[in-house]
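What you see below is based on every heavy atom in this structure, not just the backbone, and it leaves out hydrogens, waters and symmetry mates. Numbering of residues begins at 1 and proceeds along the displayed sequence.
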Amino acid sequence: MARAGVVTVIVAATGPSPLWYLTRGTGLVALVLLTATVALGVGNVSRWARPGWPRFATAELHRSVSLLVVVVLALHIVTAEADTFAPVGWLAVVVPFASPYRPIWLGLGTVAFDLVVALVVTSLLRHRLGYRTWRALHWAAYLSWPVAVAHGLGTGTDSRLAWVKALTALCVAAVLVAVAWRLAHGWPSQPGLRLGGGIATVAAVALIGGWASGGPWRPGWAKRAGTPPTLLATARTPSPTAAAPAGPPSAAAPAQPAAAGAIPPPPFSAALAGTLTQRQGSSGQVTVTVTAAVSGAATGTLVVVLSGRGTDGGVSLESSRVTLGTPSAPDDYQGAVTVLDGDQLAATVRAATGAALDLSANLQIDPTTGAVRGTISARAATGTGGGATSDGDTDGSR
């Protein structure tokens with residue numbers, strides 16, 4: 001992973017539960033298999049066949065993949081329940097929107113699961129059902145796919161990762177191709193129905209894409225999605241003059257610019273380059289220190305110290321300290337983190353003269369080497385700042 005937020009690095013230090021990874025992995029595998037089920041189902045209904053690949057083979061493959069989806073979904077559900085970090089609740093497995101954890105988006109997963117089960121059961125009982133009844137139930141069950149996509153985007157903490165976006169886009173593209181082929185097959189019979197189906201499909205994709213861009217793919221989604229406050233990483237802001245958490249690992253400060261350091265009056269923007277170190281104590285306490293050189297419109301050193309207690313799949317941020325200064329006065333400005341959201345960090349710092357700055361930093365961290373790069377901007381503080389908050393999907397959720 002080439003890019004990770006500060007809190008993501010802290011979470012890595014605490015060692016998330018293997019069940020957490022298994023739940024996320026099976027969810028993505030289930031989406032791929034469900035996509036294949038939908039595409040094969042469309043091909044089967046359209047009587048798709050090729051030389052060397054008879055129609056019954058498509059039907060059997062469709063049935064087998066559908067059964068495999070149920071198995072993977074069952075594993076996905078069991079691992080989510082077994083990982084006790086998020087209070088999902090067994091009732092929520094069959095009753096939509098009954099979970100206290102992200103109820104809407106988790107509830108969509110329950111709806112998708114129920115529809116998949118209905119799809120499989122009606123397929124197995126096809127010869128006992130009337131054709132019209134079977135077909136109506138079968139097509140209704142295909143709603144499980146868009147519902148599952150919305151569930152994955154709304155509940156999964158990986159939805160903002162580039163490769164997860166690419167995988168989701170490929171699944172959407174596969175279904176669009178299958179639907180387009182189905183609508184074109186047999187044209188021009190029922191042109192109004194086919195055209196309406198195409199418009200509805202495109203509109204649904206556009207709607208989901210617009211919602212994802214303004215929701216799950218934007219920072220702060222974990223809180224808006226309904227994650228219980230007790231699972232969000234929260235922090236208590238220490239006084240600007242509070243000492244840094246005891247015992248942070250020592251780290252050599254990056255090379256300073258050749259010119260004498262200077263923190264100009266706000267507003268200004270500058271570049272950051274430095275290192276990250278982290279340490280986990282025997283009691284589960286995690287301390288992360290970011291030391292970065294500031295260059296460009298301002299020159300000096302930024303130091304951010306974050307301390308918290310590790311939890312199962314996440315961390316509860318308890319204290320922070322931020323300093324900004326020059327080589328001759330490295331603690332010229334002192335304060336604390338006010339917002340920690342993925343790779344976005346905000347802090348309010350104050351100088352002995354009474355001048356105060358609101359800082360906003362975008363940090364790109366290589367978790368392998370600990371190298372830190374990014375940008376920082378400052379403006380005159382508009383308030384004293386409240387207790388620090390952190391959403392950033394750091395709660396280990398699925």
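Going from atom CG of Leu345 over to atom CG of Leu272 covers 10.0 Å, rounded to the nearest 0.5 Å. Atom-to-atom distance recorded for Tyr333:OH and Ile263:CD1 is 7.5 Å, nearest 0.5 angstrom. Rounding to the nearest 0.5 Å places CG of Leu276 at 7.5 Å from OG1 of Thr289. For the atom pair Gln344 CD and Asn362 CG, the distance stands at 4.5 Å (nearest 0.5 Å). Distance CD1/Ile365 to CD/Gln278: 9.0 Å, rounded to 0.5 Å. From Trp217, atom CH2 reaches atom NZ of Lys165 across 5.5 Å, with rounding to the nearest 0.5 Å.
Taken together through direct or relayed side-chain contacts under 4.5 Å among Ile, Leu, Val, Met, Phe, Trp and Tyr, Leu67 and Leu33 form part of one hydrophobic cluster. Placement of Leu143 and Trp105 within a single hydrophobic cluster is found when ILVMFWY residues are connected by side-chain heavy-atom separations under 4.5 Å, directly or transitively. Hydrophobic cluster membership is shared by Trp90 and Leu73, with clusters built from Ile, Leu, Val, Met, Phe, Trp and Tyr side chains linked at under 4.5 angstrom. Taking hydrophobic clusters as Ile, Leu, Val, Met, Phe, Trp and Tyr residues chained together by side-chain heavy-atom distances below 4.5 Å, Val38 does not share a cluster with Leu170. Leu195 and Val177 fall into different hydrophobic clusters, where Ile, Leu, Val, Met, Phe, Trp and Tyr residues are linked whenever their side-chain heavy atoms come under 4.5 Å apart, directly or through other members.
Of all the heavy atoms in Val322 and Ala347, the pair that sits closest is CG2-CB, 3.9 Å. Between Leu153 and Ala212, the shortest heavy-atom distance links the atoms CD1-CB, 4.0 Å. Taking both residues in full, the closest heavy atoms of Ala297 and Ser269 are given as CB-O, 3.2 Å, listed atom of the first, atom of the second, then distance. In plain terms, the two heavy atoms of Gly335 and Val349 that are nearest each other are N-CG1, 3.7 Å. Scanning all heavy atoms of the two residues, the minimum distance from Arg102 to Thr155 falls at NH1-O, 3.0 Å. Taking every heavy atom of both residues into account, Gly152 and Ser159 meet most closely at O-CB, 4.4 Å.
A distance-only check finds no donor-acceptor pair linking the side chain of Ser360 to the backbone of Ser377 [under 3.5 Å]. A donor-acceptor pair under 3.5 Å is formed between the side chain of Thr79 and the backbone N or O of His76. Proximity of a side-chain donor or acceptor of Ser99 to a complementary backbone N or O of Ala92 within less than 3.5 Å is not detected.
The side chain to side chain contact (heavy atoms under 4.5 Å, CB included) test with Val117 singles out one residue from Val121, Asp114, Leu115, and that residue is Val121. Residue Val149 forms a side chain to side chain contact (heavy atoms under 4.5 Å, CB included) with just one option from Leu31, Leu108, Val175, and that option is Leu31. For the pairing with Leu167, the side chain to side chain contact (heavy atoms under 4.5 Å, CB included) check across Val172, Thr35, Leu28 returns one residue only, Leu28.
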Original post:
So Val303 and Thr301, side-chain contact (heavy atoms from CB on, under 4.5 Å) or not? Walk me through it.
Top reply: CA-CA 7 Å; Val303 178; Thr301 303; 4.0 Å; yes
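Contact check for Pro96 versus Val111: side-chain heavy atoms found under the 4.5 Å cut-off. The shortest distance between side-chain heavy atoms of Phe97 and Thr110 does not fall below 4.5 Å. At least one side-chain heavy atom of Val304 sits under 4.5 Å from a side-chain heavy atom of Leu302. Counting heavy atoms from C-beta outward, Thr275 and Val372 have side chains that stay 4.5 Å or more apart. Taking the side chain as every heavy atom from C-beta outward, Ser66 and Val116 never approach each other to under 4.5 Å. Leu106 is listed as a side-chain neighbour of His151, based on a closest heavy-atom distance under 4.5 Å. Side-chain contact between Pro216 and Trp211: present, with at least one pair of heavy atoms (C-beta onward) separated by less than 4.5 Å.
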